[in-house]
Amino acid sequence: MTDIAAPVKGQRDSGLDDATLHAALTRTWETPRGLYGFFATVDHKIIGRRFIVTAFVFLFLAGLAAMAMRYQLSRPENTAIGPDLYDQLFTMHGSTMMFLFAVPVMEAFAVYLVPLMVGTRNIAFPRLNAFSYWIYLSGGLMLWIAFLLNIGPDVGWFSYVPLAGPEFSPGKRADFWAQMITFTEVSALAIAVEIIVTVFKQRAPGMALDRIPIFVWAVLITSFVVLFAMPAVMLSSTTLILDRLVGTHFYNAAEGGDPVLWQHLFWFFGHPEVYIIFIPATGFISAIIPTFVRRPIFGYIALVLSLISIGILSFGLWVHHMFATGLPQLGQSFFTASSMLIAIPSGIQIFCWIATIWLGRPMWKTPLLFVAGFIVTFVIGGLTGVMVASVPIDLQVHDTYFVVAHFHYVLVGGAVFPLIGAVYYWFPKFTGRMLSERLGKWNFWLAVIGFNAAFFPMHFLGLMGMPRRVYTYPLGAGWGELNLFVGLAAAMLFASFAVFLWNVVASLKRGEVAGPNPWGGGTLEWATASPPPFYNFMRIPVVTHREPLWAETESLPVATGLRVDARELICGTVTDATPELRESSPENSIWPLLSAIAVGATFIGSIFTPWAVVWGAPPIAIGLIGWFWPKGTPEDEE
Amino acid sequence: MLVEPVQSALDPAGSGAEAILTLFWIFLGVSAVVWVLVVIALALAAARRRSRAERGAGPLAPAPRGEARARGVVGSAVAATGAVLITLTAFSYFTGKSLADAKADPTLTIEVTGHQWWWELRYDDPRPDMRFTTANEIHVPVGERVRLILTSNDVIHSFWVPSLAGKQDLIPGHDNEIVIEVAREGTYRGSCAEFCGLQHAHMGLTVIAEPRAAFDRWRAAQAAPAAPPQTEEAARGLAAFQQNACVLCHAIRGTGAGGMVAPDLTHVASRSTLAAGTLPFTRGALGAWIADPQAVKPGANMPRSELDPDELNAIIAYLEGLT
């Protein structure tokens, strides 16, 4: 392909035949093979794939930590794992699942899929995208290397002060936690900005707001939630580091600080965090159902408005994590009411999905099975959520295994099941091959039965008085049998992930070849080859319908006029996606990686000395100068 | 050992826990109905018979009648959700209000201070000579309101005796309050509910509810100074206690021991457990605990003792006499 002569400078795609166009676009957009290409690529598909794989690696690590904890709890007064290691295990499990798996994997799917679903050639700010992956990877590696060196954090994934403060957590453990937050939040904020700009400006011509796929709406809204929620946790982790490193007293009650401030700041982020994970998961559901019931989603506008209201309401719930801290009753009642309120948009979504299934003709492939498993399981989590929203009930079940059961129902039932369904759904697009349906069904039943058997009994354990985060419990408490059962069921749930992993590995080589649109989906990502070429779409599609591939059965109308010898995208208006201009898209570059290394070294160094900020500044400046070195943009040359 | 103490929100013995359990059953009943309805709706949607025309239609084929029906059903379901939520919120609010109203006019006030990993209890009284400090085992008169003022000396803890009431945090720099009213005599177990470090799992407490007369006797005994040693061995034990590290942290009223950072041992032998509910109070357990606390409760602030066996036995004999 590269032996074809370089296209004439300024050559447009109008009137070129497919073969010429393919060759020219490949030349312009490709990621070269070899180490340089590996480190310098800014292709959203390659970065998205890396993101997904990395996030799943962290899922398995955190799952192993969970299995170790269940082993320790399988009988009373067990001494297999002491409190020191156990505390690290549950902190690593929670922090990894929340910050290194759940949020990043949702972002990863967005990074891969959004440009394809809105019909553009790359994500906005592709170098920032590369940077955010390297930063995320550095933060995750730092945390797990610290754990392997027995300096993993041990104060829980929400690191309450004063326990996490300098007096009660000497050493560097809590600092690794706080700095991991900084890494992942920088990464998440960067991706949020990329997604918002991609969705607002780079949609294919004709993709007006009411033609945006619901998954894209979901990640757009999530990105806004990230923008408003993440600063709160960066503030809290930074002030924690300041308390620990330079002796400020933000959280020291003896010097006029207040430990409760930490909880407000953390949960102002921490509650939206749940929705940062859950909203994209509902987007998966809304993407999977129409394809497998062969009809458009019922209640598109109601679903979009529900997502927006969930995004807004998610900021009004944080105090329900703090009912036991002694806040005034009137204030607590307000947060009870707002927590109840968020059940309404969640309910609307559930009803619309069931209505879509009812109106359609379901084909029970694995992705749709996971949707059903999601509804059956998640609703339980939603209902226990209504229970914990009630102040009196929460005062009993807060910080017990009841709450452990509740949030696993919401996060595993509500987000991981849709995610696994989404992997079965989009795997052919990512790799060009289908996952095995037979293994998929094994995966599904093991996951649904294993999960419910493992987590449903935890409701009883909580009511029977078992607090969370205990490394052991007394013989006389009577919790032994249930805990043993939970441990065995957890092994079954773990096995379902082993089947999943096996399915992925085996299908990569031997899976059935998929073709561009194996499921007959209606959205744009199915309009291009599987896996998509470097340039995503040979010609930019024009969208005339919410499910363009269902409306245009012959071929999609296309927009032409983009240059083929330079990376160009169409930018359009926010509401109607009317094309406004051709915008250049950055080339591959090694500088995002170098900048990420400089930033990462600064972050890690500042765990040990405040001087790291000083010594780290020049390398970061050099990295950014290289990154943004002006080269003249193609438009200017014309 | 004695009858296992009760530690379960499902087995309420306090007014607070009873009201909350009732509220919980209401929520649970409603939730169960909602879940069953959702699952039935899903099953019906999946299993609905599709006509041949429908099966052959393209994905964008219009279905106006079905859509209109679905709109009606979804709309009603949303309205029903709203109504159910408003009702539940009202139930929750009024339960909360009744719990708050049940805080007036307590007959007894106890200051509870959380420590890593034990509970310091100061019984308040208008008469200074009736005030005293103890640890980990709360005696209360049955049927009376007891106010607990909660604070912490180190990290955040949470006071939770499931059979009696919901939990409340102990936060440094804050004074929280919880009022308990135990309906029937008995022994109730509780534990710290907020993760507080290495030995969070071994931070138990016991509540003993007894009739007023028994409670008054107990209180009078607790307010008194420690019993002087009755045997020669016990006397050596007291001396050893005062000559070793024990005295740096523990107080025994009536002796020179006045340490304030560990549990008050004035009447330690009147308590049923050791090390905040970790061990039963027996001679053997006492020996094991004093000799090597780190084996029982790794990370606890009590160091391994350097006592020789004679001293250890003497201290055990002395402590056993501190009823």
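Below, each value reflects all heavy atoms present in this structure, side chains not excepted, and no hydrogens, waters or symmetry copies. Here the structure is a predicted model, which is why all the values come from computation and not from measurement. We name chains A, B, ... by the order of the sequence lines, and we start the count at 1 in each one.
Side chains of B:L60 and A:H545 form a contact here, defined as non-hydrogen atoms less than 4.5 Å apart. B:E194 is not listed as a side-chain neighbour of A:R468, based on a closest heavy-atom distance of 4.5 Å or more. In this structure the side chain of A:P392 never reaches within 4.5 angstrom of the side chain of B:K97, judged on heavy atoms. Counting heavy atoms from C-beta outward, A:F323 and B:Q168 have side chains that stay 4.5 Å or more apart. Here the side chains of A:P83 and B:Q199 are in contact, with some heavy-atom distance below 4.5 Å.
When heavy atoms are compared at a cutoff of 4.5 Å, A:T400 approaches chain B solely by way of its side chain, counted from C-beta outward. Contact of A:V293 with chain B is not made at all, since no heavy-atom distance falls under 4.5 Å. Residue B:W160 touches chain A through its side chain alone, counting heavy-atom pairs closer than 4.5 Å. For A:V386, the parts sitting under 4.5 Å from any heavy atom of chain B are the backbone and the side chain alike. Neither the backbone nor the side chain of A:N252 comes within less than 4.5 Å of any heavy atom of chain B. Contact annotation for B:A47: neither backbone nor side-chain heavy atoms come within less than 4.5 Å of a heavy atom of chain A. Residue B:E177 does not touch chain A at all, counting heavy-atom pairs closer than 4.5 Å. Within the 4.5 angstrom heavy-atom criterion, atoms from both the backbone and the side chain of A:T325 approach chain B. Contacts between B:A165 and chain A at a heavy-atom distance below 4.5 Å involve the backbone alone (N, CA, C, O). With a 4.5 angstrom heavy-atom cutoff, B:S191 touches chain A only via side-chain atoms. Using a 4.5 Å cut-off between heavy atoms, A:P474 touches chain B through its side chain atoms alone. Proximity to chain B is absent for every atom of A:Q349, based on heavy atoms less than 4.5 angstrom apart. Residue A:E77 touches chain B through its side chain alone, counting heavy-atom pairs closer than 4.5 Å. Using a 4.5 Å cut-off between heavy atoms, A:A551 touches chain B through backbone and side chain atoms alike. The contact between A:I348 and chain B is made by backbone and side chain atoms together, counting heavy-atom distances below 4.5 Å. There is no contact between A:L368 and chain B, counting heavy-atom distances below 4.5 Å. For A:W353, no part lies near chain B; criterion is any non-hydrogen pair under 4.5 Å. Using a 4.5 Å cut-off between heavy atoms, B:D154 touches chain A through backbone and side chain atoms alike. Of the atoms belonging to B:R69, it is side-chain heavy atoms, and not backbone ones, that fall under 4.5 Å from chain A. For A:A302, no part lies under 4.5 angstrom from a heavy atom of chain B.
Between the side chain of A:W358 and the backbone N or O of B:G66 there is no donor-acceptor pair closer than 3.5 Å. In this structure, A:R361 contributes its side chain and B:E54 its backbone to a donor-acceptor pair below 3.5 Å. Between the side chain of B:D169 and the main chain of A:G326, no donor-acceptor pair closer than 3.5 Å is present. Between the A:R469 side chain and the B:A193 main chain, no donor and acceptor come within less than 3.5 Å of each other. Between the side chain of A:Q396 and the main chain of B:A9, no donor-acceptor pair closer than 3.5 Å is present.
Counting heavy-atom pairs closer than 4.5 Å to chain A, the top-ranked of the candidates B:L42, B:V38, B:V34 is B:L42. Per-residue counts of heavy-atom pairs under 4.5 Å with chain A were compared for B:G58, B:G173, B:P172, B:G16; the largest is that of B:P172. Among the candidates B:V73, B:V78, B:T81, the residue making the largest number of heavy-atom pairs closer than 4.5 Å to chain A is B:V78. Across A:I350, A:T472, A:T356, A:V161, the residue that shares the most heavy-atom pairs under 4.5 angstrom with chain B is A:T472. When each of A:I344, A:I380, A:V379 is scored by its heavy-atom pairs under 4.5 Å with chain B, the top score falls to A:I380. Counting heavy-atom pairs closer than 4.5 Å to chain A, the top-ranked of the candidates B:G75, B:C196, B:G190, B:G277 is B:C196. Note on B:A63, B:G299, B:S163, B:A46: by heavy-atom pairs under 4.5 Å with chain A, the leading option is B:A46.
Between A:P362 and B:R50 the shortest heavy-atom distance is CD-NH2, 3.3 Å. Between A:L463 and B:F24, the shortest heavy-atom distance links the atoms CD1-CZ, 3.7 Å. Closest approach of B:A70 to A:L359, counting heavy atoms only: CB-CD1, 4.1 Å. Annotation for B:I171 and A:P259: closest pair CG2-CG, 4.0 Å, computed over non-hydrogen atoms. Residues B:W35 and A:V376 share a closest heavy-atom pair of NE1-O, 2.9 Å.
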Does the pair A:T384 and B:S31 meet the rule for a side-chain contact (heavy atoms from CB on, under 4.5 Å), with working shown? CA-CA 8 Å; A:T384 53; B:S31 301; over 6 Å; no
Show, in sequence, the C-alpha distance, side-chain angles and deciding distance for B:H174 and A:D258, and conclude whether the side-chain contact (heavy atoms from CB on, under 4.5 Å) test is met. CA-CA 9 Å; B:H174 290 249; A:D258 190 351; 2.9 Å; yes
If you apply the rule side-chain contact (heavy atoms from CB on, under 4.5 Å), what do you find for A:L163 with B:I156, and how did you get there? CA-CA 7 Å; A:L163 184 63; B:I156 299 176; over 6 Å; no
Intermediate values then yes/no, side-chain contact (heavy atoms from CB on, under 4.5 Å), B:Y93 and A:T336: CA-CA 9 Å; B:Y93 175 76; A:T336 294; over 6 Å; no
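Interatomic distance, CG of A:D84 versus CG of B:L198, reported as 6.0 Å (0.5 Å rounding). Here the CG atom belonging to A:L395 is positioned 7.0 Å from the NZ atom belonging to B:K167, to the nearest 0.5 angstrom. Here the CE-OG1 distance, from A:M340 to B:T89, works out to 4.0 Å after rounding to the nearest 0.5 Å. Rounded to the nearest 0.5 Å, atoms OG (B:S8) and CH2 (A:W479) are 9.5 Å apart. Separation of atoms CG (B:L28) and CD1 (A:I393) is listed at 9.0 Å; rounding is to 0.5 Å. Annotation: the span from B:L88 atom CG to A:S390 atom OG amounts to 8.5 Å, rounded to 0.5 Å.
Checked against the 6.0 Å centroid criterion, the rings of B:H202 and A:Y471 qualify as a close aromatic pair.
Summarising the local packing, CZ of B:R55 is surrounded by more than 12 heavy atoms from other residues, nucleotides or ligands at distances under 6.0 Å. Atom CZ of B:F91 sits in a sparse spot, with 12 or fewer heavy atoms from other residues, nucleotides or ligands closer than 6.0 Å. Annotation: A:F460, atom CZ; neighbour count of heavy atoms from other residues, nucleotides and ligands within 6.0 Å does not exceed 12.
No side-chain N or O of A:D87 forms a donor-acceptor pair with one of B:H200 less than 3.5 Å apart.
With B:F195 as reference, A:F90 is the one residue of A:F90, A:Y86, A:Y160 to meet the ring-ring contact (aromatic ring centres under 6.0 Å, His included) rule.
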